[in-house]
Protein chains: 2
Amino acid sequence: MMSRKDAAARLALTEPVEDYLKAIYELETRHGVAATSDVATALAVAPASVTGMIRRLAMHGYLDHVPYRGVQLTDDGRRAALRTIRRHRILESYLTSVLGYPWDRVHDEAERLEHAASDELIERLAVALGHPTQDPHGAPIPTVDGTVDERPHRTLADLAIGERARMVQVSDKNPQLLRYLAEIALQPGTAVTMIAKAPFGGPLTLRIGTADAMVGPSLAEQVRVEPVTDARTVPPRARKSTTG
Amino acid sequence: MMSRKDAAARLALTEPVEDYLKAIYELETRHGVAATSDVATALAVAPASVTGMIRRLAMHGYLDHVPYRGVQLTDDGRRAALRTIRRHRILESYLTSVLGYPWDRVHDEAERLEHAASDELIERLAVALGHPTQDPHGAPIPTVDGTVDERPHRTLADLAIGERARMVQVSDKNPQLLRYLAEIALQPGTAVTMIAKAPFGGPLTLRIGTADAMVGPSLAEQVRVEPVTDARTVPPRARKSTTG
DNA sequence: GAGGAAAGTTAGGCGAGCCTAAATTGCAAA
DNA sequence: TTTGCAATTTAGGCTCGCCTAACTTTCCTC
């Protein structure tokens, strides 16, 4: 029998290890529990590989694992995952705000840099940005001590006709979607009004500023919104050009 | 028999591969040829590990290897090495000039980032810096097409008494040395005059600006200088504060 | 020229992460 | 309750990059 304390040395936070913890964290916040096969899909590896890594992560106290039942992050695991996510989002913010990257191309770059950057670098970037609270896609940036505001949000598809809302977030992983949103000028902070919904899950018509845009239902499901509480649109943070 | 063309696929430029090519390039420019044991020392691995990697690199056309005689980079190998060195030096420049890193702490950070950064990122940093030609330690930055000015320079220890010279370069790998140089205000572009040399390889006295500084002979050997051709000191490039 | 030290290579092994194929388990529908 | 499928784990194997130990080669000295 091998308890987590028998582990010879602390597990090094290698690139694969950080990627697993991040993926498990994201699945856990979305579905409450991370399934082996979902982790495998997220990381593009075989399910058997996930089982192997899960065993190592659990042995080192990052996960609680009940065989055949799924995994849960421990406090240690959650802390490690949030550290990686903070790095990722700060990097994305810096790349867009300071270096002029378009928002559809920052994900892959941040994905690689997040494993190589030191804590000092990340904090210098955060300072240069004025300690941003959201990344360019509207995702909240965890603090250094590991707290995040992961409120669930409604999607664009949930809006009733005539309802007004403000876009708050979109996944950073779909460049094509991001390019389309840039085209119709829909970004975090933008207010939208639902104009019309075609029946049977057909396209939706949105008013964005003074223009109308037609969007498919699958797109609408990927865009998160929140109610507009004040009269006028207020962007959640200062934003620079993301044209590249 | 296996020629380099039989290699199934192109060798991936992984982190170790880039490190080996860079180390071999640096040894080659210093000593004409890279010895297995010197590569091993530079990378802190066992000589047998170097032999193994050399075989792979030679098989893929990055090196010419004559067993027991040492290695030479091919054009492909030199190109790959210079690409990594360019990334390293641009990163060091950005970290000091834009993010305020002290020059004794940029090496390790750049060492990790150089493997993760995309070409696009490196070129954006170069643009932001105005296409610098030297890094903070005075090392020349290779161009995108792989050319560098690697002129050999005399060292501070070579100066005759009364001789005036301009510091051009110092290794980025010795933080302690770099901190001391910062303390006596000696950096690339600074003019110095040799005031006195103690006999039997004793300490040297230098005039830097209006102050005199005593330096050991081993330090003096690590600082490269060139003759001062014009009347006044001209820094080779705009420089920002490196206090951190 | 011979001998030995130093340098380089070969042999054999290890861990991390990945794979496929073959069990095993859990769940849901009949 | 049984049965079958989907999810998961185990078994066994691979490559990369590293190691130590044992060997070969080179080269320097006598």
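Hydrogens, waters and symmetry mates play no part in the numbers below; they use all other heavy atoms, side chains included. In what follows, chains carry the letters A, B, and so on, assigned in the order in which the sequence lines appear, proteins first and then strands, with residues in each chain numbered from 1.
Near DNA chain D, defined here as any heavy-atom distance below 4.0 Å, the residues from residues 21-38 of chain A are A:Ala35, A:Thr36, A:Ser37, listed numerically.
With sequence neighbours left out, A:Asp75 forms a side chain to side chain donor-acceptor pair (under 3.5 Å) with no residue at all. For A:Arg179, the side chain to side chain donor-acceptor pair (under 3.5 Å) test picks out A:Asp104, with sequence neighbours left out. Partners of B:Lys173 by salt bridge (charged side-chain N to carboxylate O under 4.0 Å, His left out), not counting sequence neighbours, listed by chain and number: B:Glu26. Taking A:Glu226 as the reference, A:Arg166 meet the salt bridge (charged side-chain N to carboxylate O under 4.0 Å, His left out) condition, with sequence neighbours excluded. Evaluation of the side chain to side chain donor-acceptor pair (under 3.5 Å) rule for A:Tyr20 yields no partner, not counting sequence neighbours. Among residues two or more places apart in sequence or in another chain, the side chain to side chain donor-acceptor pair (under 3.5 Å) test is passed with A:Arg154 by A:Glu163.
Between the P atom of D:dT9 and the CG atom of A:Leu57 lies a distance of 13 Å, rounded to the nearest Å. Rounded to a whole Å, the CD1 atom of A:Ile54 is 8 Å from the P atom of D:dT8. To the nearest angstrom, P of D:dT9 lies 11 Å from CG of A:Leu63. The distance from atom CE of B:Met59 to atom C1' of D:dT15 is 12 Å, rounded to the nearest whole Å. Atom CZ in B:Arg55 sits roughly 10 Å away from atom P in C:dT9 (whole-Å rounding).
The side chain to side chain donor-acceptor pair (under 3.5 Å) pairs that include a residue from residues 79-88 of chain A are A:Asp76-A:Arg79, A:Arg83-A:Asp119, A:Arg86-A:Glu123, A:Arg87-A:Asp119, A:His88-A:Glu92, A:His88-A:His107, A:His88-A:Glu114, A:His88-A:Asp172, where partners are two or more places apart or lie in different chains. Sorted by first and then second residue, the ring-ring contact (aromatic ring centres under 6.0 Å, His included) pairs with a member in residues 32-52 of chain A form an empty list; sequence neighbours excluded.
Seen from the ring of B:Tyr25, B:Arg78 does not count as a face-on cation partner, given the 6.0 Å and 45° thresholds.
The side chain of B:His65 contributes no N or O atom lying less than 4.0 Å from OP1 or OP2 of C:dG8. Contact annotation: B:Thr51 side-chain N/O to C:dT9 OP1/OP2 distance is under 4.0 Å.
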Extract from the structure each pairing of a protein N or O with an N or O of nucleotides 12-16 of chain C at less than 3.5 Å, listing the distance.
none

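Residues A:Arg105 and B:Glu120 are paired through a salt bridge, judged by an N-O separation under 4.0 Å between the basic side chain and the carboxylate.
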Please tabulate, for side-chain N and O atoms in residues 30-42 of chain B, each donor-acceptor pair with protein atoms closer than 3.5 Å (sequence neighbours left out).
from	atom 1	to	atom 2	distance (Å)
B:Thr41	OG1	B:Ser37	O	2.9

What string of B, S and - do you get for nucleotides 21-26 of chain D 5' to 3' if you count protein non-hydrogen atoms under 4.0 Å? B--BSS
